[in-house]
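This is a predicted model, so every value here is computed, not measured. These values consider heavy atoms only, across backbone and side chains, with no hydrogens, waters or symmetry-generated copies.
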Amino acid sequence: MLRMSTLFLRTLREDPADAEVPSHRLLVRAGYVRRIAPGVFSWLPLGYLVYRNIENIIRAEMDRAGFQEVHFPSLLPREPYELTGRWTEYGDNLFRLQDRRKGDYLLGPTHEEMFTLLVKGEYSSYKDLPLVLYQIQTKFRDEARPRAGILRGREFVMKDSYSFDIDDAGLEKSYQRHRDAYIDTFTRLGMEFVIVSAMSGAMGGSASEEFLAPTEVGEDTFVRCSACDYAANVEAVVTPAPASLDYSSVSPAHAEQTPDTPTIASLVDLANERADLVRADRAWTAADTLKNVVFMVSSPDGTEAPLAIGLPGDREVDMTRLEAVLQPRQSRPFEDSDFTKYPTLMKGYIGPGALGSANSSGINYLVDPRIVTGTRWITGADISGSHVFDLVAGRDFTPDGFIEVAEVLPGDSCAKCGSGLQLARGIEIGHIFQLGRKYAQALGLKVLDENGQLVTVTMGSYGIGVSRAVAAVAEQSHDDRGLIWPREVAPADIHLIATGKEDAPFDAAESLSGQLEAAGLRVLYDDRRGVSPGVKFNDSELIGVPTIVVVGKRLVDGFIEVKDRRTGERTDIAITDAVPALLAVCG
RNA sequence: CGGGGCGUAGCGUAGUGGCUAGCGCGCCUGCUUUGGGAGCAGGAGACCGGGAGUUCGAAUCUCCCCGCCCCGACCA
């Protein structure tokens, strides 16, 4: 039993000045966590209870799915990460250290290498597969900017699993097993979540989905279809390509003098003002223009090459999507010095005429999927102060290919059913990947198949942010008075409060708390004498145990009060019926 | 790494060159109070982020450094 009189807890009456998001604010105010360093937190007794509840639920669900728990150290040698290139690729995000003999070590940011090598050391036959191993373990990533309390820390706990299969069909099955287990896990944690298609990012591999907890403070933006079940991280949104258009009646392309129109807005204004350019049926809009943006793309080996991207003028290039597509290559917008090196690119007036491998510049030219054959555009004429009108894709220019990097806007068409998409934010609470053979190949994880041939194992990797889940649940489940824990993750089932200055309510509550514990309920008993009822009520609401029981002024009539933290609903029950009644409430 | 904000007691804060750095919460002692963050009285707690400088005098002005928060970049 937890007693408030001795519990290591100090609730704060005011919000901490450095906490912005609700979960951070409330977890600090309610005395669950304290900050130690940027992105590094300690768990206090109440917080650690909740943390362990969540960890145990995740563990129980993994075990139920038939996965086997192992445990690696956080302190790892350099070599395995050197073999896969991640010692370098991870860059500054890796916490590195040296031992006394100057040997390089790292604090594990994720453990694909270690699991791959572990299995390589033990198994060598297809008969041993499939296999799924997991661990619940502290990870370290030197994030450039930790934020939002324990939502994005530099030290955090992750449940990471890895599946090992002989072929793609097996991987697909292991992936589905995880998907199902994750659905069960997050449901049991009382979380609202959405499964979205995702980019596999630096992890490599093919298929991947994220489990997002929708909330405004989430760091990921995702789309959801208003009509069907399509959902995707914006990075992974697929833009449906419209059908090609018949352009036989479109007049030939013609260059026009358009002085002082370096921006889309100024170009559209000019086109609508000039009698010779104005459209008969409707006004020109930014969507009629073809904007060409140039980036300098650098590969991990250090080489640089320009990339031109064409997209409708009413959209920007979404840098997040661009990074995701180019991974592991990096990009930056063209600077003046770059333009100097490519004199055929006329800043502000770049058109397809100067782009593409077939043209003089030889610059790779990729366009948005909306730019299909037959679409007509106003675009740069590659001469300062001049634009081309009626330039038709497929007739007047042919891009080198397509690229999905335009910003996604609310109302964009769903790739699955064509209805409008909605945008929302979410916290990434889980991510499942079909990794494929990247790590097995790099580290030589092979087994003999039934024909005695060596085959490379195919892998999946699957993560749940355990510590992050604590914050995500808090984020989804609180009100202006404090936290509201789902019962299974709450630090207790019942927050029992005794009020008054007489001994009677304290004696009754003391006895009741013992009976409740004997009946299997977890009790947080506020036995503090001399603390006013208001303080106790406020603390109970801040702490967020789902059921609050008050033994107070109605005790003289033999009644105690039962309050539902979430709904605020109060009922009086006879103290003689308390144990069975509360067992029923706590289900 | 770029932009913005900020560092004063455990927490929240006031204090733009001049007395012993002020207030609220929390903490300690005593009395009173006990159904929505009680009252009175007395107390403890601060190297004003650090260093250098300007000045008769610096929390306050200048320079350098360190740290924190937010936005962006980045982020299995």
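- The pair A/Glu69-A/Arg59 meets the salt-bridge criterion, since a charged nitrogen lies less than 4.0 angstrom from a carboxylate oxygen.
- The CG atom of A/Asp526 sits 13 Å away from the C1' atom of B/G36 (whole-angstrom rounding).
- A donor-acceptor contact shorter than 3.5 Å is absent between the side chain of A/Ser477 and the backbone of A/Val473.
- In a base pair of the Watson-Crick type (N1 to N3 plus N6-O4 or O6-N4) or a G-U wobble (N1-O2 and O6-N3), with each distance short of 3.5 Å, B/A41 is matched with B/U29.
- Looking only at atom types and distance, the side chain of A/Tyr134 has a donor-acceptor partner in the side chain of A/Asp63 under 3.5 Å away.
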Protein-nucleotides 13-15 of chain B N/O pairs under 3.5 Å:
none

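- Residues from residues 547-562 of chain A lying near RNA chain B, meaning a heavy-atom separation below 4.0 Å, are A/Val550, A/Gly552, A/Lys553, A/Glu561 in numerical order.
- Between A/Leu44 atom CG and B/G10 atom P there is a gap of 17 Å when expressed in whole angstrom units.
- When heavy atoms are screened at a 4.0 angstrom cut-off, A/Phe140 is found touching no nucleic acid atom at all.
- Mapping A/Ala148 and A/Lys501 onto RNA chain B by nearest heavy atom places A/Lys501 closer to the 5' end of the strand.
- Remark: P of B/C71 and CG of A/Asp18 are 13 Å apart, rounded to the nearest angstrom.
- With a cut-off of 3.5 Å on both pairing distances, the Watson-Crick or G-U wobble partner of B/C56 is B/G18.
- On the C1' atoms, B/C48 is 11 Å away from B/G15, given to the nearest whole Å.
- Formation of a donor-acceptor pair under 3.5 Å by the A/Asp220 side chain with backbone atoms of A/Ile427 is not found in this model.
- Atom CZ in A/Phe506 sits about 11 Å away from atom P in B/G35, given to the nearest Å.
- Taking atom P in both B/U16 and B/C28, the straight-line distance is 34 Å, to the nearest Å.
- Under the ring-ring contact (aromatic ring centres under 6.0 Å, His included) criterion, A/Phe115 pairs with A/Phe72, A/Tyr162, sequence neighbours left out.
- A/Tyr175 contributes no side-chain N or O that, together with a main-chain N or O of A/Gly170, makes up a donor-acceptor pair within less than 3.5 Å.
- For the P atom pair drawn from B/U54 and B/U60, the interatomic distance equals 15 Å after rounding to whole Å.
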Atom pairs, N/O to N/O, protein against nucleotides 37-42 of chain B, distance under 3.5 Å?
from  : atom 1 : to       : atom 2 : distance (Å)
B/G37 : O4'    : A/Asn538 : ND2    : 3.2
B/G37 : O2'    : A/Arg13  : NH1    : 2.0
B/G37 : O2'    : A/Arg13  : NH2    : 3.2
B/G37 : O6     : A/Arg29  : NH2    : 2.9
B/G37 : N2     : A/Asp539 : OD1    : 3.2
B/A38 : OP2    : A/Ser532 : OG     : 3.0

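- Nucleic acid contact class of A/Arg152 (heavy atoms, under 4.0 Å, all strands): base.
- Here A/Arg152 pairs with A/Glu143, A/Glu219 under the salt bridge (Lys or Arg N to Asp or Glu O under 4.0 Å) rule; sequence neighbours left out.
- B/G12 and B/C23 make up a base pair, with Watson-Crick or G-U wobble contacts both under 3.5 Å.
- One interatomic measurement links the two molecules: CZ of A/Arg570 to P of B/G36, which rounds to 10 Å at whole-angstrom precision.
- Across B/G18 and B/C70, the matching P atoms stand 35 Å from one another, rounded to whole Å.
- The partner of B/C1 is B/G72, by the rule that a Watson-Crick or G-U pair needs both atom distances under 3.5 Å.
- For A/Glu541 against B/G36, a side-chain-to-base donor-acceptor contact under 3.5 Å is present.
- Partner A/Val550 forms a side-chain contact (heavy atoms from CB on, under 4.5 Å) with one of A/Leu555, A/Asp572, A/Thr499 and no other, that one being A/Thr499.
- Under the 4.0 Å criterion applied to side-chain N and carboxylate O atoms, A/Asp180 and A/Arg177 are not assigned as salt-bridge partners.
- Across B/G17 and B/U13, the matching P atoms stand 23 Å from one another, rounded to whole Å.
- The CZ-C1' distance, from A/Arg35 to B/C11, rounds to 14 Å in whole Å.
- Here the side chain of A/Arg565 pairs a donor or acceptor atom with the backbone of A/Glu541 at under 3.5 angstrom.
- A distance of about 15 Å separates the P atoms of B/U8 and B/A46, rounded to the whole Å.
- Here the side chain of A/Arg10 is nearest to one of B/G24, B/G26, B/G35, namely B/G26.
- In this structure, A/Glu219 places its CD atom 12 Å from P of B/C75, rounding to the nearest Å.
- For the C1' atoms, the distance linking B/A44 with B/U33 amounts to 24 Å, nearest Å.
- Among the atoms of the strands shown, base atoms are found under 4.0 Å from some heavy atom of A/Glu428.
- Judged as a ring-ring contact (aromatic ring centres under 6.0 Å, His included), and not counting sequence neighbours, the contacts of A/Phe193 are A/Phe186, A/Phe211.
- For A/Arg468 and A/Ala19, each mapped to the nucleotide of RNA chain B holding its nearest heavy atom, the one lying further toward the 5' end belongs to A/Ala19.
- Ion pair A/Asp526/A/Arg528 flagged as a salt bridge, since at least one NZ, NE, NH1 or NH2 atom sits closer than 4.0 Å to an Asp/Glu carboxylate oxygen.
- A 3.5 Å limit on both hydrogen-bonding distances identifies B/G67 as the Watson-Crick or G-U partner of B/C6.
- No donor-acceptor distance shorter than 3.5 angstrom exists from the side chain of A/Tyr439 to the backbone of A/Leu117, with no hydrogens or angles considered.
- Seen from the ring of A/Trp87, A/Arg96 counts as a face-on cation partner, given the 6.0 Å and 45° thresholds.
- Taking atom CG on A/Leu9 and atom P on B/G26, their separation rounds to 14 Å, with Å as the unit.
- For the C1' atom pair drawn from B/A9 and B/C25, the interatomic distance equals 12 Å after rounding to whole Å.
- A/Arg528 comes within 4.0 angstrom of no nucleic acid atom, judged by non-hydrogen atoms across all strands.
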